[in-house]
Amino acid sequence: MAAMTSVGDRLSSAPAAALRALWSARTWRTTTHLVTGLVIGLVSFVVVLVLVVVTLGLAPTLIGAALALGLLLVINRALTSLQRSRFAAFLDLRIPRPEPSTHAGPMVHRMLHKLRAGSTWRQLGYHVLAGVFGVLAGGIAITVWSGGLALAPAIIYGQAWDGTGLAGAASLTVAGLVLLFAAPWVARTLAAADAAIAQALLSTESTEELTQRIAALAASREGAVDAADAERRRIERDLHDGAQQRLTSLAMNLGIAHAGLTDAPKPAKDAIAHAHAEAKQALVELRELVRGMHPAVLDDRGLDAALSALAARSPVPVRLDVHVPERAAPEVEAVAYFVVSEALTNATTHADASRIDVHVGAVQNRLHVTVTDDGSGGADPARGTGLHGLSKRMRSVDGTLSIDSPTGGPTTLTAEMPCAL
């Protein structure tokens, strides 16, 4: 009994759903969508077809063809925006827009880049298709609605009321009611088909979205790197012109005081001597800090000179081999410098190495850095922040870092990164 009641409820609710569909907002939005699509599709088809014909006709004339192609791109963009607005307004469908192009260069190059994009030709294809499917779908929707509204009251205005005439008028009324109740579902089906076509042709493909996202992330990373570099330079300038100068002055004054106060008590002289030594040590450490942040020689003379100065300061003998025909990007040179600096520090401090070999070379626009020491080995990035920090620095320039350090040595650190970002 419960099953029979459920079936009966569904059957009784079907006419009610059909009646509600006649005046539901969704029905009239989809119908309006199809009617506007008929008009816009017809205009789009004519405009795009005319521009394509004009472009082909002006092909021998380079300037004329360029102007026609430029106009075609502008019209395509306007029509695409109009169609996206139509889907958003009537079907509440948000078709994703492509990210703004980051392609720089002259207008001709940007236009050629746009013409090579697959999304441009898919959008043009939709505008041409809209002249066929849009007109057909809109025409079907108008025909079904018009036929239903015209035929449904036929039994009222029928001219012949004898048996045959009444039957004919009644059959027309039945046909009209069928069309009228079918119109909402016809409109919704056609609108759904139009939406599927638009999503396939007007939106960006996943590969294009990924490419645009990668370009956006690369631009964002470049901006972050530039900002960090500017901040680092500001800190260096402040340390050099402020703290370093003050420490230098303090050390000099303490040295003068220690030399001049010959008649001062011994505890006071010892305190001044100790303060003088501490000031000089702080000055040395500050200079090492400034030099370690980003040596000036790296900007002035390049990676070879900066690494040579680094090797000369190492307490462990370093054999340096640098073969880089052209300078890499400043960010890449800075990362390579810090890789070698950290490797030398680890080999000297933790590995008790007696010899270090550093090789830097460029192969197929990739910078390769290899540092090998004969120390005790056992280096593990998970156990310290130095090597872990180097891995992060390498990822900031799309580089890779690998460490081969078995217990007992030797340790080989290999870094690879692009020469240009």
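- The shortest non-hydrogen separation linking Leu190 to Ala137 is CD1-O, 3.5 Å.
- Here OG1 of Thr412 is found 7.5 Å from CG of Asp373. Values are rounded to the nearest 0.5 Å.
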Identify all side-chain donor-acceptor contacts of residues 28-51 below 3.5 Å with residues at least two apart in sequence or on another chain.
from  : atom 1 : to     : atom 2 : distance (Å)
Trp28 : NE1    : Leu22  : O      : 3.0
Arg29 : NE     : Phe90  : O      : 3.3
Thr30 : OG1    : Arg26  : O      : 3.0
Thr30 : OG1    : Thr27  : O      : 2.7
Thr31 : OG1    : Thr27  : O      : 2.8
Thr31 : OG1    : Trp145 : NE1    : 3.2
Thr32 : OG1    : Trp28  : O      : 2.6
His33 : ND1    : Arg86  : NH1    : 3.2
His33 : NE2    : Arg86  : NH1    : 3.1
His33 : NE2    : Asp194 : OD2    : 3.0
Thr36 : OG1    : Thr32  : O      : 2.9
Thr36 : OG1    : His33  : O      : 2.9
Ser44 : OG     : Ile40  : O      : 2.7

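- Proximity of a side-chain donor or acceptor of Thr143 to a complementary backbone N or O of Gly139 within less than 3.5 Å is detected.
- The line from CG of Leu172 to CG of Leu151 is 6.0 Å long, rounded to the nearest 0.5 Å.
- Between the CG atom of Asp352 and the OG atom of Ser376 there is a distance of 6.0 Å, given to the nearest 0.5 Å.
- Ser314 approaches Thr348 most closely through the heavy-atom pair OG-OG1, 4.1 Å.
- Interatomic distance, Ile356 CD1 to Thr372 OG1, rounded to the nearest 0.5 Å: 10.0 Å.
- To the nearest 0.5 Å, the span separating CD on Gln123 from CG on Leu79 amounts to 10.0 Å.
- One distance of note links CZ of Arg395 with OG1 of Thr400; it measures 11.5 Å at 0.5 Å rounding.
- Contact check for Thr80 versus Asn76: side-chain heavy atoms found under the 4.5 Å cut-off.
- Here the closest heavy-atom approach between residue Arg94 and residue Ala88 is recorded as NH1-O, 3.5 Å.
- Scanning both residues, Val144 and Leu179, for their nearest heavy atoms gives CG1-O, 3.4 Å.
- In this structure, Leu303 and Ala336 approach most closely via the heavy-atom pair CD2-CB, 4.0 Å.
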Residues 357-365, side-chain donor-acceptor partners within the protein, below 3.5 Å, at least two apart:
from   : atom 1 : to     : atom 2 : distance (Å)
Asp357 : OD1    : Arg319 : NE     : 3.3
His359 : ND1    : Asp321 : OD2    : 2.9

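- Judged by distance alone, with hydrogens and angles left aside, the side-chain atoms of Asp374 form a donor-acceptor pair with the main-chain N or O of Ser354 at under 3.5 Å.
- Shown here is Arg366, whose CZ atom has more than 12 heavy atoms of other residues, nucleotides or ligands within 6.0 Å.
- The main-chain N or O of Asp304 is found under 3.5 Å from a side-chain atom of Ser308 such that the two form a donor-acceptor pair.
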Apply side-chain contact (heavy atoms from CB on, under 4.5 Å) to residues His127 and Leu201 and explain how you reach the verdict.
CA-CA 9 Å; His127 300 319; Leu201 298 180; over 6 Å; no
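- Not counting sequence neighbours, the partners of Ala415 by the side-chain contact (heavy atoms from CB on, under 4.5 Å) test are Val339, Val369, Met394, Leu401, Met417.
- The minimum heavy-atom distance linking Ala343 with Leu413 is given by the pair CB-CD1, 4.4 Å.
- For the pair Leu344 and Val316, the minimum side-chain heavy-atom distance is 4.5 Å or more.
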